[in-house]
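Written out below as structure tokens is the structure these notes cover.
Lettering of chains follows the sequences in order, A, B, ..., and the numbering in each one begins at 1. Basis for what follows: all heavy atoms, side chains included, without hydrogens, waters or symmetry-related copies.
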Amino acid sequence: MREKVTEALQGALHRARRRGQLKIEPFPVVTLELPKRPEWGDLASTVAMSVASAERRSPQDVAQIIVDNMEHPEAIFDRVEIARPGFLNMTVKRGLWLEVLTTIEAEGRAYGTSAIGAGRRVLLEYVSANPTGPLHVGHGRGAAVGQALANLLSASGYEVVNEYYINDSGRQMKLLGASVYARLQQLNGREAPLPEDGYRGAYIDEVAARLQEQCGTTLLEQPADEAEQRCRDLAYQELLEGIRRDLQSFGITFDMWFSEASLQASGSVEHVLDDLRKRDLLFEEAGALWFRSSAFGDEKDRVVRKQEGEYTYLATDIAYHRDKLLRGYDLLIDVWGADHHGYIPRMQAVIQAYGYPKDCLRIVLVQMVNLLRAGRKIEMSKRAGEFITLREVIEDVGPDAAKFFFLMRRSDTHLDFDLELATQKSAENPVYYVQYAHARISSLFRVAESRGITVPKPSEANLELLTDPDEFSLIKKLSTYPSVVQGSAAALEPHRLTFYLQELAGLLHTFYYKHRILPPASDLDTVEDEGIADESGPSMGWHGERVVPGLPEARLVLMHEVQSVIRNGLGMLGISAPDRM
RNA sequence: GCGCCUGUAGCUCAGCGGAUAGAGCACUAGCCUCCGGAGCUAGGGGCCACAGGUUCAAAUCCUGUCAGGCGCGCCA
């Protein structure tokens, strides 16, 4: 439907150019929108206005030229009008709108997918939490965003690989080992202070206790260095396993777990640095080694190797991103906590140092989550090891509600997540509101089935009977779903889809309440027109609605397609679409 | 001090340069003989922080001011 309209407008633009009426140098993108007011028709475009200034003509003139150059507009439109500044307000033929339902039915799960990605390969890296403790809520948000992006991009014709980068070397790991070792010693009555900046969460004690169980006192008899290293290795394995489990309970799996240590082991860090040095992008100063990131727009140069000879994380990040590029991806996407935003320029400098345009790397920032319970903020302190883990949230509200809340706001803004609201089974809880719309339709189908009514295919129903404005609101909303998916994917903003689903669910609930879909269960269903007066009933409710033969079937088709889009949309967000709740 | 982000209804937030700026909470007044009321309807509520500029058109883009958040390590 939208395609036909777009083609009609593009065709008109081409003809106008051929006839010399318009120059149209950069061929404009024809955008369509659903107008807010009924007088503006049911589909509007702003192309005329957008090309007007380049044409040096008034938007009105351009609009008129477009209209004059349309071929057989009567095949598509009932009316095309030019409104004030230069809007093209179109009224599309009803039959075309109804085709939307046929399209959704035919495409099924593929409805909403597109090929705008053109098979480009994307490496999407997210979560990448240090294996030094359990995942917390912030990681959960990153996970939800990452997964939704992966789905959106795949649906838009990109080839996506999900990757988790494991920071399994360096200072944090060392600290982890030392912390566990200290606790282990304490368990055995030794005086062993926790290191400064050590990890002090209760999970450290648990890990120590399990080590104790597994190894008894053998660890304590070893030299401190060795024992600490053993502690580190075992704690690391255990914590990483925990992260995997948590992600799995959250419904998220990665294609690839990439180890930072492997970069160092393979010597690729040195290799990469040598390479940069040859191109004069590294230099020594004050005993340290620096990356000349300022040559690519960063505000200053950055250290890659400290005076003591240790590499900074930047060194491994350079090697890591170089590795990603070498693996042949066209686009790298990193999902980061918003507190890392200061690193964007230097990572883009890295990308450019390798001769790629800087937008080869796109960073999605994820802001903090404030957990609330019944409107009250839950205080957390990461330093003291007091924080709510992702696992606790999942156990509390379930993965679906958690994901929906994580995806409800633009990812780079703070999010208030009310745990109590998320478990509420009411219209105030947006997750239930949307899922219920789906379940409600399933329920309707169950009732229909029990009465021997099956949901027909669009071709088997007389869709022409769908004439009510509420029916058309739904159809119009359904028609925009593919562009919502494309827009969300292109902007890397899953929240747009979350909003869309809430709006669609709202329209469904309104429709469902106001209109009766199945014929009355009694045998009075073949009453003549006079049987039930047109306007005797109140404007709300279905009391006054006429029983029209064939309408129930047409409406069932409509419901079926609404349900299909809700299911597709929720699936895109990694959320289930239950048949009953 | 420098950089990034944010400032939209009482609250939480949407809003690809387009028409009279929207939604959900909250508030007010209503709606259950009926396919799930886990729902629906109606109403009030705004100088889109402020001031300039670009444009046929600015909440949206640019500049400045004010307010809040974050970042400015040879920490990750």
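Using a 4.0 Å cut-off, some side-chain N or O of A:Thr413 falls inside it from OP1 or OP2 of B:rA14. Taking only side-chain nitrogens and oxygens, A:Lys514 never comes nearer than 4.0 Å to OP1 or OP2 of B:rC40. Residue A:Arg57 places no side-chain N or O under 4.0 Å from the OP1 or OP2 atom of B:rC56. For A:Lys306, a side-chain nitrogen or oxygen approaches OP1 or OP2 of B:rC75 to under 4.0 Å. Within the 4.0 Å cut-off from OP1 or OP2 of B:rC75, not a single side-chain nitrogen or oxygen of A:Lys174 is found. Note on A:Arg410: a side-chain N or O is less than 4.0 Å away from OP1 or OP2 of B:rU6. The side chain of A:Tyr432 contributes no N or O atom lying less than 4.0 Å from OP1 or OP2 of B:rG37.
Counting any heavy atom pair closer than 4.0 Å across all strands shown, A:Phe87 reaches a base atom. Within 4.0 Å of A:Asn89, counting heavy atoms only, lies at least one base atom of the nucleic acid. Residue A:Ala286 is in base contact, counting any heavy-atom pair closer than 4.0 Å across all strands shown. A:Glu33 comes within contact range of at least one nucleobase, with a heavy-atom separation under 4.0 Å. Base engagement by A:Arg580 is indicated by at least one non-hydrogen atom pair under 4.0 Å involving a base atom. Within 4.0 Å of A:Ser58, counting heavy atoms only, lies no atom of the nucleic acid at all.
The backbone N or O of A:Ala261 sits less than 3.5 Å from a side-chain atom of A:Asp168, completing a donor-acceptor pair.
Contact of A:Gln367 with B:rC70 (side chain to base): no donor-acceptor pair of N or O atoms is detected under 3.5 Å. Checked by distance alone, A:His341 brings no side-chain donor or acceptor within 3.5 Å of a matching partner on the base of B:rC5.
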